[in-house]
There are 2 protein chains.
Amino acid sequence: MPHATVRDIAREAAVSVATVSRALNGHSNVRAEVREHIEAVALRLGYVPHAAARHLSSAKSGMIGVVVPDLHGEFFSELLRGMDREASERGLYCMMMVMHGDAQRGVAALHAMRGRVDGLVVMAPQVSADELLVHLPRGMPAVLVNCAPGQSGRTELRIDNVAGASALVEHLIATGRRQLVHIAGPVGNIDADERLRGAQDACARAGISLRVLPGDFKEPSGAAAAATLIEEGAAFDAIFAANDMMAIGAMMVLKRAGVAVPDQVAICGFDDIPLTRLISPSLTSASIDIASFGASAVARLVKAIAGDDDGGVEQRVPIVMVRESTGPRLHASTDHNFSNVHNEKPDKSGIGELP
Amino acid sequence: MPHATVRDIAREAAVSVATVSRALNGHSNVRAEVREHIEAVALRLGYVPHAAARHLSSAKSGMIGVVVPDLHGEFFSELLRGMDREASERGLYCMMMVMHGDAQRGVAALHAMRGRVDGLVVMAPQVSADELLVHLPRGMPAVLVNCAPGQSGRTELRIDNVAGASALVEHLIATGRRQLVHIAGPVGNIDADERLRGAQDACARAGISLRVLPGDFKEPSGAAAAATLIEEGAAFDAIFAANDMMAIGAMMVLKRAGVAVPDQVAICGFDDIPLTRLISPSLTSASIDIASFGASAVARLVKAIAGDDDGGVEQRVPIVMVRESTGPRLHASTDHNFSNVHNEKPDKSGIGELP
DNA sequence: GTTCTTGATGTAACCGGTTACATGATCCAG
DNA sequence: CTGGATCATGTAACCGGTTACATCAAGAAC
């Protein structure tokens with residue numbers, strides 16, 4: 001026996017399909033007695049509405065789509081979590097689609113969203129946003145997250161990577177480091193590029209040089225960079241990795257090589273994934289509260305779908321979370337006082353909530 | 001201007017909608033010359049098919065749904081990653097829905113899937129599977145992952161938690177531990193219950209006692225359990241936490257309290273999330289290769305959708321990954337030789353691929 | 001040359017909802 | 001008692017695809 005439809009209910013309840021639809025959707029113009037009867041019949045028949053049919057006729061799906069470049073590590077799981085939370089609070093559902101770095105696949109993913117979602121959150125730090133957005137289904141509301149700044153005039157959410165990276169580097173310098181190394185993210189990635197620039201800017205202002213090693217945002221590349229430094233016997237006293245995973249990879253290699261962190265070398269990352277607090281020494285990072293960032297994107301999208309979004313660009317300035325990996329040395333407790341630097345005190349369990 | 005439809009293309013190309021549909025779907029019975037013309041027109045009009053309409057008429061959506069209980073931590077992101085990989089290899093898309101532990105919401109999520117997906121992967125270790133499955137849309141193929149064993153006769157994937165937990169405890173005993181503590185998972189959770197039972201069984205066989213502390217699979221509860229032990233001044237030399245996150249929480253507290261791991265206390269977890277290798281000391285765990293587990297679930301689901309699935313239960317036996325947190329002591333290198341125990345050698349970067 | 005087969009194409013129904021509009025009943029004012 | 005407003009309900013079109021079936025032309029077989 002196939003699934004029950006509104007017509008089945010109509011027949012069974014001896015009313016028309018229109019009345020069934022109105023009753024089940026809570027329209028006011030249905031007699032209470034009729035509504036109850038219809039609801040009872042629907043329950044008895046095990047009726048569950050067919051989302052595609054409803055979507056087709058009402059042009060609403062109650063679903064928002066999320067396009068992400070990757071699915072590795074905690075960054076995306078946190079982002080997803082924040083988005084899902086916000087969406088479900090508004091009675092919406094999330095579907096996620098991965099465009100594995102590939103522009104071809106990105107276009108396919110965008111196309112596949114047509115007829116499935118009411119709007120899109122697109123995160124595409126790799127490919128050119130403008131190039132991708134040409135393929136956005138016509139009239140599909142979208143919020144861009146961490147995309148290359150385009151002239152699309154679309155709603156955008158962005159992390160102030162330059163400010164965050166500068167603040168981290170200034171923190172390193174303030175704690176006495178002078179021989180800085182930056183492990184960069186993948187070339188062409190907007191976040192990576194901006195973080196590099198922020199680091200360079202801060203170094204230039206302080207009049208010190210910065211060595212840059214390549215990386216790809218994944219942990220092994222951070223490890224490889226550190227291994228290179230050690231093999232070379234390079235002189236360095238601080239590493240700023242363009243994200244947390246690379247910082248962790250680097251830290252592991254240093255520790256195995258007997259380099260003391262932070263006594264000999266300070267290390268910091270970027271993103272402030274939950275993991276930063278779980279490793280030892282805990283990792284200094286630039287915090288953007290990923291989950292809340294994702295929630296924000298969804299909130300903006302909901303406004304855009306409703307038609308009342310200003311279409312502006314929202315920029316988040318990260319906060320530096322100072323932890324053990326660059327922690328103040330014992331004999332100099334307050335050697336830094338930058339505006340957006342937050343000194344996190346380890347509590348007993350070491351799991352402090354971020355402000 | 002609204003989106004182009006097949007009828008627009010038909011008009012523009014001076015053919016019928018049936019021909020347009022056939023041409024764009026690669027049916028053989030279309031003249032090559034006509035097909036090319038139609039494709040050209042479709043491209044010119046920026047045609048993108050409407051998924052809901054296609055789904056409605058063809059009863060296929062090309063989408064599989066994933067229902068998970070939660071979205072915290074690396075376990076689910078790994079699972080998602082594996083599923084997504086497998087699905088996209090088969091030209092399918094994944095949508096994920098979170099039922100926040102709540103049975104009410106679980107039912108809503110299941111209903112919301114009707115008319116959206118061709119099949120479901122349901123992971124519901126908390127609620128009674130049978131109770132939930134009553135609300136599965138009629139005729140919807142589904143694969144159950146880590147659900148309480150039901151008599152549903154459905155396709156199920158399951159982790160052999162008892163065997164995994166037993167193997168871990170046997171490993172602890174073999175390395176000389178005698179005062180064991182188990183940090184349990186949430187009560188009513190099938191995985192947690194089975195892991196507890198596996199630990200108890202192994203202890204009973206060895207004739208030693210097992211202290212059990214409550215937990216909830218989240219990291220703070222592991223920390224709290226360890227704190228309790230320390231405050232009490234309890235005598236113990238090994239902790240087996242029901243999952244990795246709690247093990248990590250416990251380890252952090254022990255280290256802060258000056259307890260040496262593994263010299264004084266050995267610690268192991270369960271799940272083998274990527275993080276186990278990144279902390280120090282690296283964490284011994286029972287590995288089920290989460291991503292591949294997820295991929296397997298999708299593969300089974302695809303078979304079920306095609307109609308040729310045996311409907312059997314597939315059980316995965318975890319492998320014990322021995323790492324530093326329970327590592328062999330220096331003076332007794334091979335004090336264990338259980339069948340499914342795998343001794344992981346740390347390589348230079350510390351990021352060995354699992355077999 | 002006629003009939004049969006084959007293959008390309010068109011017509012229209014259908015999937016399962018929603019909703020504009022029509023209908024008819026009820027109620028109230030005049 | 002009657003005309004108009006109000007409200008519940010029914011009829012049927014529509015959303016945008018797919019596809020069974022009908023049609024028709026061209027080539028093959030006799």
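Letters go in sequence order (proteins before strands), and every chain restarts at 1. This structure is a prediction, so every number in the text was calculated from the model and none was measured.
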Original post:
Under the salt bridge (Lys or Arg N to Asp or Glu O under 4.0 Å) test, which residues partner A/D191, sequence neighbours left out?
Top reply: none
Original post:
Pairs counted as Watson-Crick or G-U wobble with both distances under 3.5 Å: what dot-bracket string results for DNA chain D, using | for bases tied to another strand?
Top reply: ||||||||||||||||||||||||||||||
Scan the side chains in residues 22-35 of chain A for donor-acceptor partners under 3.5 Å anywhere in the protein, sequence neighbours excluded, and list what turns up.
unit_1, atom_1, unit_2, atom_2, d
A/N25, ND2, A/S21, O, 2.8
A/N25, ND2, A/S21, OG, 3.4
A/R35, NH2, A/H27, O, 2.3

**OP:** Determine, stepwise, if the pair A/R11 / A/D8 fulfils salt bridge (charged side-chain N to carboxylate O under 4.0 Å, His left out).
**Re:** CA-CA 5 Å; A/R11 189 177 344 102; A/D8 296 328; 2.8 Å; yes
**OP:** List the steps and the verdict of salt bridge (charged side-chain N to carboxylate O under 4.0 Å, His left out) for B/E86 and B/R90.
**Re:** CA-CA 7 Å; B/E86 184 73 20; B/R90 296 164 184 266; 2.9 Å; yes
Subject >> Contact pattern, 5' to 3', of nucleotides 5-17 of chain D - B, S or - by protein heavy atom under 4.0 Å >> reply: ---SBBBB--BBB
**OP:** For B/R7, enumerate each residue passing the side-chain hydrogen bond (donor to acceptor under 3.5 Å, both in side chains) test, keeping only those at least two apart in sequence or located in another chain.
**Re:** none
Original post:
If you look only at pairs with a residue in residues 35-61 of chain A, which of them pass as a ring-ring contact (aromatic ring centres under 6.0 Å, His included), with sequence neighbours excluded?
Top reply: A/H50-B/H55, A/H55-B/H50
Original post:
To the nearest Å, how far apart are B/L24 CG and D/dT18 P?
Top reply: 8 Å
Subject >> Check against side-chain contact (heavy atoms from CB on, under 4.5 Å), B/F76 and B/M123 >> reply: CA-CA 10 Å; B/F76 293 108; B/M123 181 164 200; 3.9 Å; yes
**OP:** Take B/V98 and A/S88 through the test side-chain contact (heavy atoms from CB on, under 4.5 Å) and record every step on the way to the result.
**Re:** CA-CA 9 Å; B/V98 185; A/S88 80; over 6 Å; no
